[in-house]
Amino acid sequence: MPASNSNALPSLTALRAFDSCARSLSMTAAAESLHVTHGAISRQIRLLEEQLDTRLFERKGRGLSLTDAGLRLARTTREVFDQLEQTCDQIRRDAKGAPFVLACSGSFLARWFIPRLDQLQQDCPGLELHLTATDESDSMRAGIDAALRFATPPWPREQKVIDLAPERIGPVLKPQLLPETSPTPDWLLSQSLLETLSRRQAWPEWCEAHQLDHNRLRMRQSFEHLNYMLEGALAGLGVAIAPEYLVEEDLRSGRLVAPWGFVETEARLGLWLPGTEISPRARQLADWLKMALSQ
């Protein structure tokens with residue numbers, strides 16, 4: 001009989017049983033999720049422990065706990081099986097011709113994407129897109145093919161992020177609020193300012209770039225969402241701080257002005273994918289986004 005290969009991977013069935021059991025810490029729950037018997041899960045775990053020559057679980061009262069080796073393996077199996085499920089789901093969706101589902105914040109969707117949707121359809125007629133507004137906590141939920149997100153690198157290892165453009169922020173206000181003479185940035189120290197709870201660091205970042213003490217700023221109103229803050233600026237409530245991409249149309253129309261321009265932050269706008277692979281449709285969308293954002 002030929003010698004067995006000690007470096008061979010354990011069976012996929014055993015790894016799947018282990019992964020399900022590691023997530024629930026229950027063989028009964030693992031058996032139910034995989035539609036097999038409790039005994040089948042127990043046999044696969046025992047087989048896996050024999051192949052790896054180490055224990056993966058310990059009894060803890062009526063339940064289970066992972067050993068150090070089990071924790072190491074569980075981190076890997078969770079990542080690998082999640083990526084497999086996401087990739088298979090994307091392949092099925094592509095094969096069925098399902099729309100490419102793109103998630104982004106409601107403010108980015110309303111203020112940047114929708115005004116350019118017609119141009120996207122002209123430039124990429126074969127790309128059927130479904131847009132959905134989400135917050136960052138659920139932007140990569142099941143059924144979403146990609147998400148647009150501002151974030152600061154480094155990116156998570158288990159996801160592919162296509163870097164699109166730097167974030168640039170600056171103060172914006174109604175032109176009627178400006179004095180007749182061109183004010184310097186320290187004029188803002190005497191003005192009513194608006195902020196959004198999701199980006200409270202925006203004003204301090206901008207002030208640092210202009211050698212201003214942000215502690216001297218006077219915040220008049222905080223808003224839960226950036227879109228609400230910009231509506232407040234359009235209503236003349238004060239001076240808002242916003243990413244340049246989200247106020248391009250307002251600046252072009254003259255509804256808002258940005259007297260001191262915009263500065264880059266450490267954050268980047270990226271196209272976040274659920275796994276580590278880039279599908280053809282994701283690549284097409286990313287290429288178009290880079291082009292549109294650079295104009």
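What you are looking at is a predicted structure, and each value in this text was computed from that prediction instead of being measured.
Side chains of E231 and N227: no donor on one and acceptor on the other come within 3.5 Å. In summary, the side chains of R255 and S253 do present a donor paired with an acceptor at a separation below 3.5 Å, with no hydrogens or angles considered. Between the side chains of T134 and T132, no donor N or O sits under 3.5 Å from an acceptor N or O. Side-chain contact check for T265 and E205: no donor-acceptor pair (N or O, by modelled atom type) lies under 3.5 Å. Donor-acceptor pairing under 3.5 Å is lacking for the side chains of Q44 and T13.
A distance of 5.5 Å separates CG in L148 from CG in L271, rounded to the nearest 0.5 Å.
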Before you tell me yes or no, could you show the steps for E167 and R268 under salt bridge (charged side-chain N to carboxylate O under 4.0 Å, His left out), namely the whole-Å CA-CA distance, both residues' side-chain angles and the distance that decides it to 0.1 Å? CA-CA 5 Å; E167 180 188 54; R268 309 284 301 182; over 6 Å; no
Quick one: do E248 and R116 satisfy salt bridge (charged side-chain N to carboxylate O under 4.0 Å, His left out)? Show the steps, please. CA-CA 12 Å; E248 285 180 351; R116 293 164 178 80; 2.5 Å; yes
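Within a 6.0 Å sphere centred on CG of D68, other residues, nucleotides and ligands contribute 12 heavy atoms or fewer. In this structure, E79 places its CD atom where more than 12 heavy-atom neighbours from other residues, nucleotides or ligands lie under 6.0 Å away. Heavy-atom contacts from other residues, nucleotides or ligands closer than 6.0 Å to CD of Q122 number more than 12. Under a cut-off of 6.0 angstrom, the local environment of CZ in R252 is crowded, with over 12 non-hydrogen atoms contributed by other residues, nucleotides or ligands.
In this structure, F113 and W288 have tilted ring planes: the angle between them lies in the 30° to 60° band. Ring planes of F18 and F57: tilted class, angle from 30 to 60°.
Across G254 and P175, no two heavy atoms sit closer than the pair O-CG, 3.6 Å. The minimum heavy-atom distance between G270 and V161, with the atom names listed, is CA-CG1, 4.2 Å. Shortest non-hydrogen contact noted between M229 and F223 is CA-CD1, 3.5 Å.
When hydrophobic residues (I, L, V, M, F, W, Y) are linked wherever their side-chain heavy atoms come within less than 4.5 Å, the members clustered with L188 are I169, L173, L177, L178, W187, L189, L193, W203, W206, L212, L217, M219, V239, I241, V257, W260, V263.
A side-chain contact (heavy atoms from CB on, under 4.5 Å) with L102 holds for exactly one of L109, L285, D145; it is L285.
Taking the ring axis of F81 as reference, the NZ or CZ atom of R16 stays within 45° of it and closer than 6.0 Å to the ring centre.
Within the structure, side chain to side chain donor-acceptor pair (under 3.5 Å) contacts touching residues 170-185 (residues at least two apart or in different chains) are T184-D186.
A donor-acceptor pair is defined here as one N or O able to donate and one able to accept, closer than 3.5 Å; no such pair exists between the side chain of S20 and the backbone of A17.
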